[in-house]
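Just below is one structure, and these are the notes that go with it.
Residue numbers count from 1 along this sequence.
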Amino acid sequence: MPREYRTIQEVSGPLMLVREVEGVKYNEIGEIELENGEKRRCRVLEIDGTNALVELFESSTGINLTQSRVRFSGKQMELPVSPDILGRVFDGLGRPKDGKPEILAEKRLDVNGRPINPAAREYPSEFIQTGVSAIDGLNTLVRGQKLPIFSASGLPHANLAAQIARQARVRGTDDDFAVVFAAMGITFEEADFFVKSFRETGAIDRTVVFTNLADDPAVERIATPKMALTAAEYLAFDLGMHVLVILTDITNYADALREISAARKEVPGRRGYPGYMYTDLASLYERAGRQKGVKGSITMIPILTMPEDDKTHPIPDLTGYITEGQIILSRELYRKGVNPPVDVLPSLSRLKDKGIGKGKTREDHSDTMNQLFSAYARGKDAKELMIILGDAALTDIDKKYAQFADEFEREYVAQGFGADRSIEETLDIGWKLLKILPRSELKRIRDEWLEKYYDKY
């Protein structure tokens, strides 16, 4: 039975203190009924004896301390799920936002998820084709992996996220593939861009969208990724689908954590973020993966904007510890007109070796990837030397490498946001670029692949 109280003692920002409660538990969902009959949702954040500290999912405006009532449900936050969630757009709390009716729930799932037993995890090993050469060819995404995109203010991470959501698929299988897209703290224009992009290409039919806008409450922002991951777990582990989860923007999520932490007067950690932010982020990221004996899987691409382009900022820093690599976007490449502006040298996918090679991508993938990295790095060094000392300081071979670096950015990385390249196309472009260099320079490629591919292009 729901318990009702009229003992609100204090309201401070997104928090409310309710006295003399009984049997109320941490994370329990409640409802506040205002004097005029309006209802607002809340959640128990802390219990201290008979006092409950509650966080509000909506504005605190209009809450009268003596006349408003608080009703606790006895349940934690749940998401109603059924196969009908595909193709739908929800707000950050899982309520329909597309004008269509509520979901007829097959079941209701706790949004805090079900932790995967480490012993039951399957090692990621299957290639996911995103259609983006800089990712597929050099920083390969593998099914069950967590691979974040580190961006910065003003860079086109939204376009890249939409491109991956539209194009991503598991090759060589007829298994169902779905995308769960969660946007936190973004503007209405950005949210509209994503939904329109999915609808125009038909990708919306296999996509579930959760949107929390910049003017929505911070507490809702904290719930949004949990809602999205709960939907992903249902699609993956109940319906056996391969699910790609895209979360943008993790920086807004972390800022909401900081806001709630400050309201609770907690001791701040680095740059004012709460000391438990690492644990909190890990509780989201570790919900990705594969399970032994289960057909479905969850692959995750969290996107975050690095404040002041700083990779050592707590949000990218902690994310890098938890996830298996990172894709870094470059402001310098963006200024040159390279889109997507993926900076391939500092980017890293720690699982790329597990998802490439014969039977997965192509036999020559590993060797050509290493050679492209090496040649591009040497070409960048040659270009820097050219700026300092002039063309005359470069040897003929250095000039070739400098030419390679320019062509590589223009042909390989700068494919635009509309191109969907197969892995074969990506590898072929790599070979065409390597032809700029003399065959004797390709020391990282085995002779058998040189014989087979070098003169083919």
### Message
Once rounded to the nearest 0.5 Å, what's the spacing between atom CD of E220 and atom CG of L56?
### Response
12.5 Å

### Task
List the steps and the verdict of salt bridge (charged side-chain N to carboxylate O under 4.0 Å, His left out) for E286 and K146.
CA-CA 8 Å; E286 291 299 340; K146 309 175 285 290; 3.7 Å; yes

### Query
So, R362 and D428, do they make that salt bridge, N to O below 4.0 Å?
yes

### Query
Looking at the rings of F198 and F181, which for Trp means the six-membered one, are their centres under 6.0 Å apart?
yes

### Message
Between E411 and K432, does any side-chain N to carboxylate O distance fall below 4.0 Å?
### Response
no

### Query
So do T426 and V132 actually touch side chain to side chain, heavy atoms under 4.5 Å?
no

#### Entry: Under 3.5 Å: donor-acceptor pair, side chain of S330, backbone of L333
yes

### Under-4.0 Å salt bridge between R331 and D309
yes

### Query
Going by an N to O cut-off under 4.0 Å, is there a salt bridge joining R264 and E55?
no

### Message
Would you say that more than 12 heavy atoms from the other residues, nucleotides or ligands in this model lie under 6.0 Å from the NZ of K400, or not?
### Response
no

#### Entry: Test item: S347 side-chain N/O and I328 main-chain N/O as donor-acceptor pair under 3.5 Å
yes

### Query
Thinking salt bridges, do E78 and R108 make one under a 4.0 Å N-O criterion?
yes

### Query
N212 versus D91: any side-chain heavy-atom pair under 4.5 Å?
no

### Message
Does any part of the side chain of E441, heavy atoms only, come nearer than 4.5 Å to the side chain of L434, both counted from C-beta?
### Response
no

### Task
Say whether, by atom type as modelled, one donor and one acceptor occur between the side chain of R258 and the main chain of R271 under 3.5 angstrom.
yes

### Query
Any side-chain heavy atom of L351 within less than 4.5 Å of one from Y123?
yes

### Message
Can you confirm whether L389 is buried at CG, in the sense that more than 12 heavy atoms of other residues, nucleotides or ligands lie under 6.0 Å from that atom?
### Response
yes

### Task
Indicate, with yes or no, if the rings of F150 and H313 have centres closer together than 6.0 Å.
no

### Query
Will you find, in the side chains of Q76 and Y26, an N or O donor that is under 3.5 Å from an N or O acceptor?
no

### Task
Check the side chains of D255 and Y273 for a donor-acceptor pair under 3.5 angstrom, ignoring hydrogens and angles.
yes

### R444 atom CZ, over 12 foreign heavy atoms within 6.0 Å
no

### Query
Can a donor-acceptor pair be found between the side chains of E409 and Y376 at a distance below 3.5 Å?
yes

### Query
Would R206 and D176 pass as an ion pair if we require N to O under 4.0 Å?
no

### Query
Can you check whether I301 reaches P148 side chain to side chain, under 4.5 Å on heavy atoms?
no

### Query
Are a donor atom and an acceptor atom from the side chains of D136 and T130 found within less than 3.5 Å of each other?
yes

### Query
If you measure from the Lys or Arg side-chain nitrogens to the Asp or Glu carboxylate oxygens, is any gap between E407 and R410 under 4.0 Å?
yes

### Task
For D84 and I103, indicate whether the former's side chain and the latter's backbone hold a donor-acceptor pair under 3.5 Å.
no

### Query
So, is the end of the K435 side chain (NZ or CZ) under 6.0 Å from the ring centre of Y454 and within 45° of the ring's axis?
yes

### Query
Does Q163 have any side chain to side chain donor-acceptor pair (under 3.5 Å) partners at least two apart in sequence or in another chain, and if so, which?
none

### Message
If only side-chain N and O atoms count, and only distance matters, is there a donor-acceptor pair under 3.5 Å linking T312 with D317?
### Response
no

#### Entry: 4.5 Å side-chain heavy-atom contact, D381 and K383
no

### Task
Using atom types as modelled and distance alone, determine if a side-chain donor or acceptor of R199 lies under 3.5 Å from a backbone N or O of I204.
no

### Query
Do R166 and T201 meet the criterion of a side-chain donor-acceptor pair at a distance under 3.5 Å?
no

### Message
Would the distance check show the side chain of H365 and the main-chain N or O of G137 forming a donor-acceptor pair, the cut-off being under 3.5 Å?
### Response
yes

### Query
Would you find more than 12 non-hydrogen atoms of other residues, nucleotides or ligands less than 6.0 Å from Y276 atom OH?
yes

### Message
Counting C-beta onward and ignoring hydrogens, is there a side-chain heavy-atom pair between M184 and T211 closer than 4.5 Å?
### Response
no

### Task
Look only at the side chain of S125 and the backbone of G355, and say whether a donor-acceptor pair between them is shorter than 3.5 Å.
no

### Query
Any salt bridge between K75 and D110, counting N to O under 4.0 Å?
no

#### Entry: From CA spacing to verdict: side-chain contact (heavy atoms from CB on, under 4.5 Å), V44, I29
CA-CA 7 Å; V44 177; I29 291 298; over 6 Å; no

### Query
Is the backbone of I298 close enough, under 3.5 Å, to the side chain of R287 for a donor and an acceptor to pair up by distance?
no

### Message
Looking at I315, is its backbone amide N or carbonyl O close enough to the side chain of T319 to form a donor-acceptor pair, meaning the two atoms are under 3.5 Å apart?
### Response
yes

### Query
With a 4.5 Å limit on heavy-atom distance, are the side chains of I164 and I149 in contact?
yes

### Query
Ion pair present between R88 and D98, side-chain N to carboxylate O less than 4.0 angstrom?
yes

### Query
Under 3.5 Å, is there a donor-acceptor pair between the side chain of Q145 and the main chain of E324?
yes

### Query
Between R143 and E126, is there a side-chain N and carboxylate O pair less than 4.0 Å apart?
yes

### Distance in Å, T207 OG1 paired with I246 CD1, rounded so as to fall on 0.5 Å steps
8.5 Å

### Query
Just wondering, more than 12 heavy atoms not from K226 lying within 6.0 Å of its NZ?
yes

### Query
For residues D280 and Y253, is any side-chain donor paired with an opposing acceptor at under 3.5 Å?
yes

